[in-house]
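Right, one structure below, let's go through it.
In the text below, chain A, chain B and the rest are named by the order of the sequence lines, each starting its count at 1.
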Amino acid sequence: MEALCGDAGGCFRLGCDWRPLLLTQVLGIQYNAWNSRAGSGMIRSLISFPLPFFRDGLLVVMDDDTTDLLPAVLAGNAQRSVGLEVVSLRMSELWELALPDPFKAETFSMPYWIRESGRVVYGEDLRSLVPTSVDTKRLLPNHLEISTYLVRNSLILDCLTKRRYIRLLEGLVHQGNLLMMTALLTRDIWRVYPTTVRAQFVEVFSDGDLQENLALFEENAMRLRGDPTRKELATRLVWLHEEFVRHLWRHSG
Amino acid sequence: MSDVQVYEDCLRKFGETCGQLGDRVESILLYGSIARGEVRPGRSDVLDAVVVLYDEALQDERQFYDSLEVLIAACEDVLATNLPFHPFHYFSKTESRRAYWAHFLPVWRSDRHSRVLAGNDIRPYIRSVDSDRQFTRATFFSCRRSIQRMSEFLTGEPLTQDASRLALHAVGWFLKAVPKYACLVCGIEEEYPETLTSLAALFPDLEACRFEALKAQLQEETADLEPAEVLLMVRNVLGLYEELHDSVVAWLRMNGEWDRLRGNSTPVTVDQTRSANP
């Protein structure tokens, strides 16, 4: 099935055959199932949206008189099974979208994408009611803190101990990209893609040390890709990542 | 040798290897079941630990490589035991004083949940960045999306062994983290399993015994669980969160906290933001 998809360049397109399937599944079978349950409410809106650092998504907004949200959550499974991020909540709970989920930094910019690039596939257009982050300035130090906590044990020590150096490299690149994404968000720049984040970051954060650090990281990453068994290159990349994080702390205010 | 003895030997070996760090170590802390003296052989992670190093050990390049080498060796020692294991954490002294994730502060500050293996007792000094407390308080609501993602296990297909293991891991995470966030948003700093008692007191209508039931299921031999039983646990988790969510909102409203929480989370509109394309 050609599902909702965002391509590598960040273009968000709606495949021609996904919509009937979605409407059949969400609005047909499952819609009937939801409404046959006592206390279930009505779907207020379905909004599809791109989420370049994670996967495309579907926002399911239910009426406030939905006493039990679980059927709506479960109804999203057909879409999850084709790789969509599904977020279900009630109308009055839209404010929660502005809260960053610390367990998925990839979704920090989600409310911006819903508001600015979302498409209403059913019901009301609620995009203008989707709030964005409270205070993006506070997000960077929090992200740095969480990233430091998680990356050192579950990525760095784990991969070095198991000698998985390419996996380590890929993980550090991903984590670095996410930190750049958040750093750009503090400057109110949210339309960022994995393929463009680095160029956007370098343009905005013109600090010479930071740029030198990124260049060295890239150079060593290339050498490691050429010889994936070289531990000293892997530990050098870890050092450069740590340096990068220290630079970002200085920019975090 | 008893099974518990294997854990103790592993801990001793870990301490010896970390001893190679010499005066670069400020403190080594243990937390979790070993620190509480509640090891369940074969089930408990062998090493919930954090190594706090003096700043130079992580900020001077030469010292960094030397330190990292010792930390890797310590991990390899533990890995060789084949006990359940995830690598420990490490921080510099300065980081531990200002940028330690608030999520774990209740564990590390508590005598019941942590203890000093070597070096100084730094627990009273561990801090998060200023904004983190508010950030973490709101996590009860933001983690709803991570919990909803767990419904991916409920595709209607039978769970594979790997998927079953991942699902149980997610259920375990839910049980430890979500009640903690629920307590935190209601102003109670508590750690699992005490969080379950606090939940029962906060929300008498919630049937908090269902959390206890989940805990009991996880303490049994989970390898013997049928995939259908695991799926039922996942479904229970999704339902429990939604019920807890509604109870927490009602509690916050009743106690005059709702507007304060929402006030701190007042969103801005997109007109105040801009996008930039490369």
Side-chain angles (χ1 to χ4, degrees), chain A residues 68-70 73-74 76-77 80-81 85-89 93 95-104 107 111-112 115-116 128 131-135 138 141-142 144-146 148-149 152-154 156-158 160-162 184 187-191 196 199-200 203-204 235 238-239 242 246 249, chain B residues 58-59 61 64-65 68-69 71-72 75-76 79 86-91 95 99-104 128-132 134-136 138-139 141-146 148-149 151-152 154-156 235 238-239 242-243 245-246 262 264-270 272-278:
Chain A
D68 181 4
L69 199 69
L70 185 59
V73 173
L74 296 175
N77 275 341
R80 288 188 183 93
S81 66
E85 170 75 348
V86 182
V87 180
S88 305
L89 37 65
E93 295 163 351
W95 71 281
E96 292 180 12
L97 294 171
L99 303 173
D101 178 358
F103 300 102
K104 210 68 188 168
T107 65
Y112 296 86
R115 276 190 70 124
E116 296 294 288
S128 63
T132 53
S133 297
V134 183
D135 179 357
R138 294 192 322 198
N142 281 307
L144 284 164
E145 184 180 276
I146 293 167
T148 301
Y149 186 90
R152 284 182 179 165
N153 71 336
S154 57
I156 295 174
L157 281 185
D158 190 58
L160 288 175
T161 304
K162 295 171 182 167
L184 287 165
R187 307 290 178 95
D188 296 333
I189 298 168
W190 59 270
R191 198 180 289 280
T196 64
Q200 287 174 279
E203 190 180 320
V204 173
T235 52
V238 173
W239 165 255
E242 293 278 1
R246 275 193 284 274
W249 271 112
Chain B
L58 293 181
Q59 291 175 13
E61 189 169 0
F64 174 82
Y65 294 132
L68 193 59
E69 206 53 53
L71 296 176
I72 294 167
C75 275
E76 286 170 344
L79 197 64
H86 59 76
F88 46 86
H89 300 277
Y90 60 93
F91 289 94
E95 288 166 347
Y100 191 81
W101 192 9
H103 173 86
F104 281 96
S128 300
V129 293
D130 291 342
S131 56
D132 194 10
Q134 198 59 42
F135 186 80
T136 304
T139 298
F141 292 100
S142 62
C143 77
R144 186 186 209 175
R145 303 189 292 265
S146 282
Q148 289 189 354
R149 219 169 282 130
S151 73
E152 285 171 21
L154 307 173
T155 57
R235 197 186 158 89
L238 293 168
E242 289 304 329
E243 283 181 50
H245 178 281
D246 296 348
R262 291 283 308 271
N264 284 323
S265 309
T266 304
V268 297
T269 58
V270 160
Q272 296 163 34
T273 67
R274 61 192 168 83
S275 63
N277 289 309

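The greatest number of non-hydrogen atom pairs below 4.5 Å with chain A, out of Glu243(B), Gln59(B), Glu69(B), is found for Gln59(B). Among the candidates Leu144(A), Thr235(A), Val204(A), the residue making the largest number of heavy-atom pairs closer than 4.5 Å to chain B is Thr235(A). Taking chain B as the reference chain and counting heavy-atom pairs below 4.5 Å, the highest number among Asp158(A), Ile146(A), Leu160(A) is found for Ile146(A). Listed options Arg145(B), His245(B), Glu242(B), Glu76(B) were ranked by heavy-atom pairs under 4.5 angstrom with chain A; first place goes to Arg145(B).
When atom types are taken as modelled, the side chain of Ser146(B) and the backbone of Phe103(A) share no donor-acceptor pair closer than 3.5 angstrom.
Counting heavy atoms from C-beta outward, Arg144(B) and Leu99(A) have side chains that stay 4.5 Å or more apart. Between Arg149(B) and Asp101(A) the shortest side-chain heavy-atom distance falls below 4.5 Å. Between Leu157(A) and Phe88(B) there is a side-chain heavy-atom pair separated by less than 4.5 Å.
A salt bridge links Arg152(A) to Glu95(B): at least one charged side-chain nitrogen sits closer than 4.0 Å to a carboxylate oxygen.
Pairing each heavy atom of Thr161(A) with each of Cys75(B), the nearest pair is OG1-CB, 3.2 Å. Scanning both residues, Tyr90(B) and Ile156(A), for their nearest heavy atoms gives OH-CG2, 3.7 Å. When all heavy atoms are compared, the tightest approach of Pro102(A) to Ser142(B) is CD-OG, 3.6 Å. Residues Lys162(A) and Leu79(B) approach most closely at CG-CD2, 4.3 Å, considering heavy atoms. Closest non-hydrogen pair, Glu96(A) versus Phe141(B), comes out as OE2-CD2, 3.4 Å. Looking at every heavy atom in both residues, Phe91(B) comes nearest to Thr148(A) through CE2-CG2, 4.0 Å.
The part of Thr107(A) that comes within reach of chain B is its side chain, from C-beta onward, which places non-hydrogen atoms under 4.5 angstrom from that chain. For Leu184(A), no part lies under 4.5 angstrom from a heavy atom of chain B.
Summarising the geometry, atom CH2 belonging to Trp239(A) is positioned 5.0 Å from atom CD belonging to Glu61(B); distances are rounded to the nearest 0.5 Å. In this structure, the separation between CG on Leu69(A) and CG on Asp246(B) is 8.0 Å, given to the nearest 0.5 Å. Note that CG of Leu70(A) is 9.5 Å distant from CD of Gln148(B), once rounded to the nearest 0.5 Å.
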